[in-house]
Protein chains: 2
Amino acid sequence: MEIKKRQLEIIEAAGEILTESGLAGLTTKKLAAKMGFGESALYRHFKGKEEIIITMLQYLNADMDKRLTACVENINDPVKKLDAVFNNQFDFFQQHPQFLVAVFSEGLMEESKSINAAILQLMATKRKHLLPIINQGQLQGIIETTAPAEDIMHIIMGSFRLHMLQWRMSDFAFDVKKKGNKLMESILTLIKV
Amino acid sequence: MEIKKRQLEIIEAAGEILTESGLAGLTTKKLAAKMGFGESALYRHFKGKEEIIITMLQYLNADMDKRLTACVENINDPVKKLDAVFNNQFDFFQQHPQFLVAVFSEGLMEESKSINAAILQLMATKRKHLLPIINQGQLQGIIETTAPAEDIMHIIMGSFRLHMLQWRMSDFAFDVKKKGNKLMESILTLIKV
DNA sequence: CAGTTTTGTGAGTGAACATTCACATACTTA
DNA sequence: TAAGTATGTGAATGTTCACTCACAAAACTG
């Protein structure tokens with residue numbers, strides 16, 4: 001799956017619309033207007049609307065997978081790994097707020113099987129990066145074992161999602177990274193032994 | 001704001017469609033079909049689609065406010081209050097899964113000012129019930145004070161939301177209450193002193 | 001610079017949408 | 001039972017939607 005320059009531009013514009021107006025707001029008219037050309041030009045780059053959404057989700061999935069793999073490779077301490085992962089996410093969304101839709105991709109669920117598959121893939125990737133870190137932390141006696149790793153991951157993921165939601169609902173009014181780090185600190189305080 | 005029988009039926013049908021297909025899926029055609037009458041009959045009961053959504057959100061807000069107030073009034077222990085609040089929520093959504101849209105109401109955000117106001121009201125009500133309990137728990141030395149009450153509430157709310165999301169995504173395949181109580185137990189373990 | 005491919009245009013298509021309206025039936029109550 | 005009101009119907013409205021097509025300009029390639 002190679003994505004051409006123009007396709008990436010379209011995906012970015014689509015993300016922007018999705019993040020600010022939701023699925024119902026993503027129309028070919030709006031998307032073409034944001035790109036500065038007519039609606040019909042969209043179909044030179046994608047088969048249709050569904051393909052645009054799926055390609056966007058697949059791109060975000062691959063990108064996140066790469067980023068998160070890279071950002072922990074030289075770190076051993078599980079707590080520092082968690083810090084690195086979330087700082088990486090905060091940085092990414094601060095630089096690319098248009099892709100915040102990735103965090104709330106469930107909102108895109110409709111009747112389309114392939115879109116749903118892409119969404120599940122995104123969630124699986126997030127999980128793939130977090131769970132081993134929690135497990136490692138518990139094994140090393142750094143993270144609480146009174147709660148199952150699954151639950152701790154759930155708590156971290158849920159808090160992260162809500163944090164990003166509040167950021168979007170506030171119209172990006174506060175510093176996600178700063179506030180996010182304070183929140184992560186609170187969570188770590190609670191889950192550390 | 002009194003809601004008539006027929007209006008409540010329409011609101012329930014609308015919730016059902018919103019929960020399973022999202023905002024884009026809520027069309028007058030589908031809604032009328034679910035009600036067993038023609039589209040035009042909808043306009044005997046509501047001014048339009050927007051009014052249906054707003055009335056639904058206001059109804060859910062008032063209902064939740066009443067429920068949550070009632071369910072803690074004879075309880076003193078903050079931890080038991082939290083338990084009561086969440087068991088009440090689990091019970092409600094188990095009985096009325098069509099109203100799960102209330103938990104993910106942000107998905108309804110569009111250009112409509114009044115819908116956004118109704119959504120913010122819902123979130124404010126949830127907050128109104130939770131925060132005093134956490135504060136009380138911290139004052140009584142039952143809940144950790146190493147993390148601010150705001151953050152603890154954030155963690156609880158975020159975990160609850162993600163739990164409900166997974167329930168919906170699984171097509172209501174597991175027992176929300178049972179699994180939810182296990183999750184709440186894990187959270188309480190972490191936040192109790 | 002000739003030929004080919006890539007990328008755009010603008011008008012047009014049918015389907016789905018929310019909403020309206022003249023009309024009809026059912027329910028309530030004096 | 002007659003009158004009034006609440007609730008429904010079915011056809012029609014204009015709008016917006018995703019998408020197509022014949023055509024044109026621009027960019028690349030030998």
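The sequence lines fix the lettering, A, B, ..., with proteins before strands; numbering per chain opens at 1.
Note on A:L31: nothing from the nucleic acid sits closer than 4.0 angstrom, heavy atoms only. Within 4.0 Å of A:Y43, counting heavy atoms only, lies at least one base atom of the nucleic acid. B:T28 comes within contact range of at least one nucleobase, with a heavy-atom separation under 4.0 Å. Looking at heavy-atom distances under 4.0 Å, B:I52 makes no contact with the nucleic acid at all.
Shown are A:E16, A:E9, A:E12, A:E39; of these, the salt bridge (charged side-chain N to carboxylate O under 4.0 Å, His left out) with A:K34 is made only by A:E16.
Salt bridge annotation for B:D63-B:R67: present, with a cationic side-chain nitrogen under 4.0 angstrom from a carboxylate oxygen.
Distance B:L26 CG to C:dA18 C1': 11 Å, rounded to the nearest Å. Counting to the nearest Å, the C1' atom of C:dC17 and the CD atom of B:E50 are 16 Å from each other. Straight-line distance from the CD atom of A:E39 to the C1' atom of C:dG14: 15 Å, rounded to whole Å. In this structure, B:K4 places its NZ atom 16 Å from P of C:dC27, rounding to the nearest Å. Rounded to whole Å, the distance from NZ on A:K5 to P on C:dT6 is 15 Å. Nucleotide C:dT6 holds its P atom 18 Å from the CG atom of A:L42, rounded to whole Å. Note: NE2 (A:H45) to P (D:dA18) measures 17 Å, nearest angstrom. The separation between B:E9 atom CD and D:dT7 atom C1' is 12 Å, rounded to whole Å.
For the pair B:W167/B:V103, no side-chain contact is recorded, criterion being any heavy-atom separation below 4.5 Å from C-beta on. With a 4.5 Å cut-off on side-chain heavy atoms, A:M184 and A:H163 do not count as touching.
For A:S40, no side-chain nitrogen or oxygen approaches OP1 or OP2 of C:dT9 to under 4.0 Å.
The residue among A:K29 and B:F37 whose nearest nucleotide of DNA chain D lies closer to the 5′ end is B:F37.
Between the side chains of A:K179 and A:Q166, no donor-acceptor pair is found at a separation under 3.5 Å.
When distances run from any side-chain atom of A:K49 to the nucleotides D:dT9, C:dT7, D:dC19, the shortest one goes to D:dC19.
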